[in-house]
Amino acid sequence: MKSYNFKKIEKKWQEKWKKDKIYNSKDFVRGKKNFYHLVMFPYPSGDLHIGHWYNFAPADVYARTKMMQGFNVMSPMGFDAFGLPAENAAIKRGIHPKDWTYKNIETMTSQLKSMGNMYDWNRKIITSDPEYYKWTQWMFLQLYKHELAYKKKAAANWCPKCHTVLANEQVVNGKCERCEAEVVQRNIEQWLFKITKYADKLLKDIDKVDWPEKTKIMQKNWIGRSEGALIKFKISNSQFSIDVFTTRVDTIFGCTYVVLAPEHELIRQLAEKIENYNEVTKYIDDAKRKSELQRAELEKDKTGVKLEGVMAVNPFDNEEVPVFTADYVLGHYGTGAVMAVPAHDERDFEFARKYDLKIKQSVSGGKPEDKLFTEDGILVNSGKFTGLLSEKARKEMGKWLEKKKLGKRTVKYKLRDWLVSRQRYWGSPIPIIYCPKCGIVTVPEKDLPVLLPKVKNYLPTEEGKSPLAHSKNFINIKCPKCNGPAERETDTMDTFVCSSWYYLAYVMRGISNFQFPISKYQKAFKRWLPVNMYVGGAEHTVLHLLYSRFFTKALKDFGYVDFKEPFMSLRHQGIILGPDGQKMSKSRGNVIDPDELVKNFGADVVRMYLCFMAEYSQGGPWNPTGIMGIKRFLEKVWKLADKVKPNVPHKGLTFVLHKTIKKVTEDIENFKFNTAISSLMILVNEMEKQPALEVKNWKLIIHLIAPFAPHLAEELWQSLGHKKSIFLSTWPKYDSKKIKEEKVKLVIQINGKMRDIFEVSVGIKEKEAKVLTLKRENVKKWIGNKAVKKTIFIPNKLINIVI
RNA sequence: GCCCGAGUGGCGGAAUGGUAUACGCGCACGACUUAAAAUCGUGUCUCGAAAGGGAUGUGGGUUCAAAUCCCACCUCGGGCACCA
């Protein structure tokens with residue numbers, strides 16, 4: 001046989017697959033179950049990098065296996081084209097974001113095609129296409145109609161470099177996720193989605209999906225459920241009161257002061273009572289000027305101001321305690337006010353020590369302890385609750401509060417509503433109109449999409465308004481209700497809105513090219529959704545994955561879909577580092593270029609090496625020499641074809657062959673691609689030793705290799721005279737009878753140490769095994785004249801003699 | 001600080017209570033070659049002449065038996081971070 005010319009062969013098969021449309025999925029195929037296999041779509045950054053390959057290639061191995069296992073597989077691909085990353089990159093190069101994005105999509109599409117993955121290009125979507133964002137806008141309107149989208153003026157995270165507000169999830173350590181500029185608080189009118197309404201469902205339903213445990217835990221922590229109590233502290237000599245939230249009611253007899261967050265509106269309402277109001281407002285202004293990061297950095301040095309002349313009453317013992325404002329209390333969590341218990345809370349303890357406030361013990365750990373004790377214990381100095389254990393006390397005291405109508409037991413979440421306005425150009429316009437007469441008016445469905453105009457001035461501005469605010473043509477519009485002059489909303493949507501529903505879009509794409517109404521698609525939704533397998537990076541744990549779940553739950557409540565969770569199974573790929581073990585970056589010069597590798601080795605070798613180089617979810621540094629091993633392996637397989645002869649009696653191969661079928665099938669199902677390949681290598685090494693190969697066995701190995709090296713496998717398959725693609729043939733099944741062994745090696749241990757090994761028949765009984773064992777010279781030598789105390793026998797595996 | 005995950009040859013890694021180091025890379029030697037590359041073969045944890053001993057981050061524990069389970073600690077990676 002000729003040497004393996006990957007360039008020619010890969011090109012040939014990519015063209016043939018395209019021509020025969022074998023990966024174009026139909027919504028319904030008789031006798032086949034649908035399988036929706038999804039990878040996280042890339043944003044058009046410019047080039048496909050090795051990380052994309054590491055996501056897409058092994059995922060494609062999985063999809064191809066499913067296809068051969070008889071599923072009607074849909075594996076679509078598209079581009080997350082709107083958003084900050086693309087826009088920032090374009091601005092840096094002085095190119096219009098639209099031109100930049102679509103140029104990149106073109107390059108990346110051809111790079112993607114060179115991978116030879118089984119994408120259904122008929123279903124390609126681009127989120128910045130008007131036909132796509134027409135639906136993004138429609139989704140916004142649905143949320144608005146159901147009161148899940150609302151507008152509000154409040155402090156928001158403002159990135160001074162990107163000139164836009166950001167969602168809570170996009171602020172990392174007080175810095176902008178994208179440009180790492182320090183985020184400041186700014187009061188701006190903005191649109192939010194009420195994701196908090198679904199906090200409970202998002203938390204509960206996460207246990208129903210097959211996702212990595214770590215990802216589930218991270219989402220749970222992000223949602224951050226706390227059970228506690230809401231308690232009313234009356235303010236002496238006034239009609240006002242302070243609601244505090246605490247998870248530790250049991251410590252309330254140790255409360256020695258109350259703290260309001262600087263943002264708390266009650267402070268203004270109490271202005272007349274506060275004797276040092278000037279001092280207080282000065283403190284509040286200072287606090288507002290601090291960024292989240294600065295507030296966090298000052299963690300250890302807590303500051304605050306006492307509200308002179310204001311006292312709050314502890315409902316449990318009717319004692320008056322002073323009230324402070326301090327920025328260690330957060331305005332956006334709980335009620336923005338806390339009861340301070342310095343004896344049992346670290347933060348209150350620090351604050352109390354600094355301002356020399358009373359520290360009063362109310363829970364005891366049973367041992368003499370330092371002043372600070374933060375764990376559960378037994379209540380002391382707590383009136384009629386004294387002597388109760390903390391846990392019991394929380395229940396009893398909660399009930400007492402409810403009875404006296406001074407508070408109630410309640411649940412709070414860390415999750416905050418999703419801020420979706422962006423003061424940026426490259427995003428979907430928000431389909432809202434402001435009419436001086438009618439107020440907020442939605443754009444009628446028939447007028448969608450609100451087109452994003454191609455403006456010259458797309459640069460973001462410091463003023464807190466989108467560049468669209470300068471486009472008169474865009475802003476000025478007639479009110480759809482009263483026909484009077486009105487103005488459009490000029491902010492665009494967070495790009496994560498676009499990606500929150502894209503898994504629906506691929507299904508819709510297969511039908512009528514995004515025409516309204518939604519009812520057109522609901523039959524297809526039923527056929528394909530939810531997504532069976534979703535593969536992508538772990539970095540989206542609290543962004544995309546949480547938002548998509550929220551969208552799905554909302555759409556289910558609106559009656560448009562009939563499932564609660566969008567992604568039934570989820571797998572993450574690890575991160576590939578540079579050969580130096582550092583994160584790949586152009587400035588470090590440790591970037592691995594997949595195009596170069598494909599040029600030198602071919603797509604099959606690259607994808608297979610990616611599968612082999614590490615445990616999939618682990619990733620790790622790129623080993624530049626390791627790829628040679630896979631190249632040799634595929635060449636070995638190619639040469640094996642020369643050994644195929646008709647009518648060869650197979651000797652000894654059946655056993656290892658069927659074991660390999662079992663192992664490869666199971667490993668692919670479990671995303672253990674590396675061990676699947678190693679067992680294929682063992683099989684091929686065995687086959688090489690044979691003088692000749694039977695066609696039947698040869699076919700089996702081609703099948704097993706096909707998902708990993710699809711081009712090579714097709715070529716070998718065709719050379720056997722097959723007209724149809726190997727991917728339209730059936731995945732081999734192992735015969736459990738053929739992997740039953742007749743003989744096994746029984747390990748002999750003496751006192752737990754391996755001393756001997758010998759072959760026995762499968763199913764040998766303990767008695768017989770023991771007799772045979774004790775007869776062996778090696779064993780006799782070790783036992784000597786000592787008595788056998790005990791024998792442990794593990795059938796078909798091991799016998800351990802204890803002396 | 002809190003919550004996860006990981007630590008095994010020169011390297012990537014395998015083994016999730018029962019033969020530690022599969023498979024691959026690298027390296028060494030040999031074959032083929034005028035030569036080199038490619039290819040093929042043999043070897044490759046460590047101490048020891050051998051018998052045998054030792055080794056899965058460190059220290060302890062459970063067990064007939066531990067890389068695997070438990071406890072403490074160290075190192076690295078990821079996430080959260082004044083969330084009351």
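Values below: all heavy atoms of this structure, side chains included; hydrogens, waters and symmetry mates excluded. Labels below follow one simple rule: chain letters A, B, ... track the order of the sequence lines, proteins then strands, and each chain is numbered from 1.
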message: Checking base pairs now: Watson-Crick or wobble, both atom distances under 3.5 Å. What partners B:rC82?
response: none
field: Within 45° cone of A:Y328 ring axis and under 6.0 Å: A:K302 NZ or CZ
entry: yes
- prompt: Which whole number of Å gives the distance between the P atom of B:rA66 and that of B:rG18?
  reply: 11 Å
message: Which is more 5' along RNA chain B, the nucleotide nearest A:I794 or the one nearest A:Y413? Just name the residue.
response: A:I794
query: Counting distance only, does the side-chain N/O of A:R248 pair as donor-acceptor with the main-chain N or O of A:T374 below 3.5 Å?
result: yes
Tabulate protein N/O versus nucleotide N/O from nucleotides 2-7 of chain B, keeping only pairs under 3.5 Å, one per line.
none

field: Side chains of A:T215 and A:E213, donor plus acceptor under 3.5 Å
entry: no
query: Considering only the C1' atoms, how many Å lie between B:rG57 and B:rC76, rounded to the nearest integer?
result: 11 Å
task: When you get a sec, tell me which of B:rA22, B:rA84, B:rC64 is the closest nucleotide to the side chain of A:N800?
output: B:rC64
message: Give me the distance, rounded to whole Å, that separates B:rU58 from B:rU8 when you measure between the C1' atoms they each carry.
response: 15 Å
- line: Among the nucleotides B:rA84, B:rG12, B:rA15, whichever has the atom closest to the side chain of A:F612 is B:rG12
Protein-nucleotides 42-53 of chain B N/O pairs under 3.5 Å:
{"residue": "B:rG52", "atom": "OP1", "partner": "A:K781", "partner atom": "NZ", "Å": "3.3"}
{"residue": "B:rG53", "atom": "OP1", "partner": "A:R755", "partner atom": "NH1", "Å": "3.4"}
{"residue": "B:rG53", "atom": "OP1", "partner": "A:R755", "partner atom": "NH2", "Å": "3.0"}
{"residue": "B:rG53", "atom": "OP2", "partner": "A:R755", "partner atom": "NH1", "Å": "2.9"}

- prompt: Taking the side chain of A:I792 as heavy atoms from C-beta outward, which of B:rG18, B:rC23, B:rG26 is closest to it?
  reply: B:rG18
task: Compare the minimum distances between each of B:rG12, B:rC40, B:rA84 and the side chain of A:K636, then state the nucleotide with the smallest one.
output: B:rC40
field: Sugar-phosphate, base or nothing in reach of A:G336, heavy atoms under 4.0 Å
entry: nothing
field: Gap in Å between the two C1' atoms, one belonging to B:rA37 and one to B:rC47, rounded
entry: 39 Å
message: At less than 3.5 Å, do the side-chain atoms of A:K414 and the base atoms of B:rC80 form a donor-acceptor pair?
response: no
message: The side chain of A:W222 is closest to which nucleotide in this list: B:rA15, B:rC82, B:rC80?
response: B:rC80
message: What's A:N685 touching, base or sugar-phosphate or nothing? Going by heavy atoms closer than 4.0 Å.
response: sugar-phosphate
query: Counting any heavy atom closer than 4.0 Å, what does A:V802 reach on the DNA or RNA strands: base, sugar-phosphate only, or nothing?
result: sugar-phosphate
message: What's the gap between B:rG13 and B:rC82 when it is taken at their C1' atoms, as a whole Å value?
response: 43 Å
message: Looking at A:T325 and A:L260, would you say the former's side chain and the latter's main chain have a donor-acceptor pair under 3.5 Å?
response: yes
query: Looking at A:F349 versus A:F351, is the centre-to-centre ring distance below 6.0 Å?
result: no
Counterpart residues, side chain to side chain donor-acceptor pair (under 3.5 Å), relative to A:Y609 (two or more places apart): none
query: Which of these nucleotides, B:rG24, B:rG79, B:rU19, is closest to any side-chain atom of A:M681?
result: B:rG24
query: B:rA31 pairs with which nucleotide, Watson-Crick or G-U wobble, both distances below 3.5 Å?
result: B:rU39
query: Say you pick atom P in B:rG17 and the same atom in B:rC11; how far apart are they, in whole Å?
result: 27 Å
message: Counting neighbours of NZ on A:K220 that are heavy atoms of other residues, nucleotides or ligands and sit closer than 6.0 Å, is the number greater than 12?
response: yes
- request: Just compare B:rC64, B:rC23, B:rA84 and give me whichever is closest to any side-chain atom of A:S226.
  value: B:rA84
query: Under 4.0 angstrom, heavy atoms only, what part of the nucleic acid is A:I682 near: base, sugar-phosphate, or nothing?
result: sugar-phosphate
task: Pick the P atom in B:rA20 and in B:rG26, then give their distance to the nearest Å.
output: 28 Å
- prompt: Should B:rG5 form a Watson-Crick or G-U wobble pair with both distances under 3.5 Å, which nucleotide is its partner?
  reply: B:rC76
- line: Checking N1-N3 plus N6-O4 or O6-N4 for Watson-Crick, or N1-O2 and O6-N3 for wobble, each under 3.5 Å, the partner of B:rA20 is none
- prompt: For B:rG26, what is the paired nucleotide under Watson-Crick or G-U wobble rules, both distances under 3.5 Å?
  reply: B:rU44
- line: Nearest-nucleotide check on RNA chain B, A:R248 vs A:T625; residue mapping nearer the 5' end is A:T625
message: Pair A:E350, A:K354 - check salt bridge (Lys or Arg N to Asp or Glu O under 4.0 Å), show working.
response: CA-CA 6 Å; A:E350 277 168 30; A:K354 180 168 174 185; over 6 Å; no
message: Looking only at side-chain N and O atoms, does A:T625 offer a donor or acceptor that is under 3.5 Å from a partner on A:N623?
response: yes
- prompt: Quantified in whole Å, what is the C1' atom distance between nucleotide B:rC23 and nucleotide B:rU44?
  reply: 15 Å
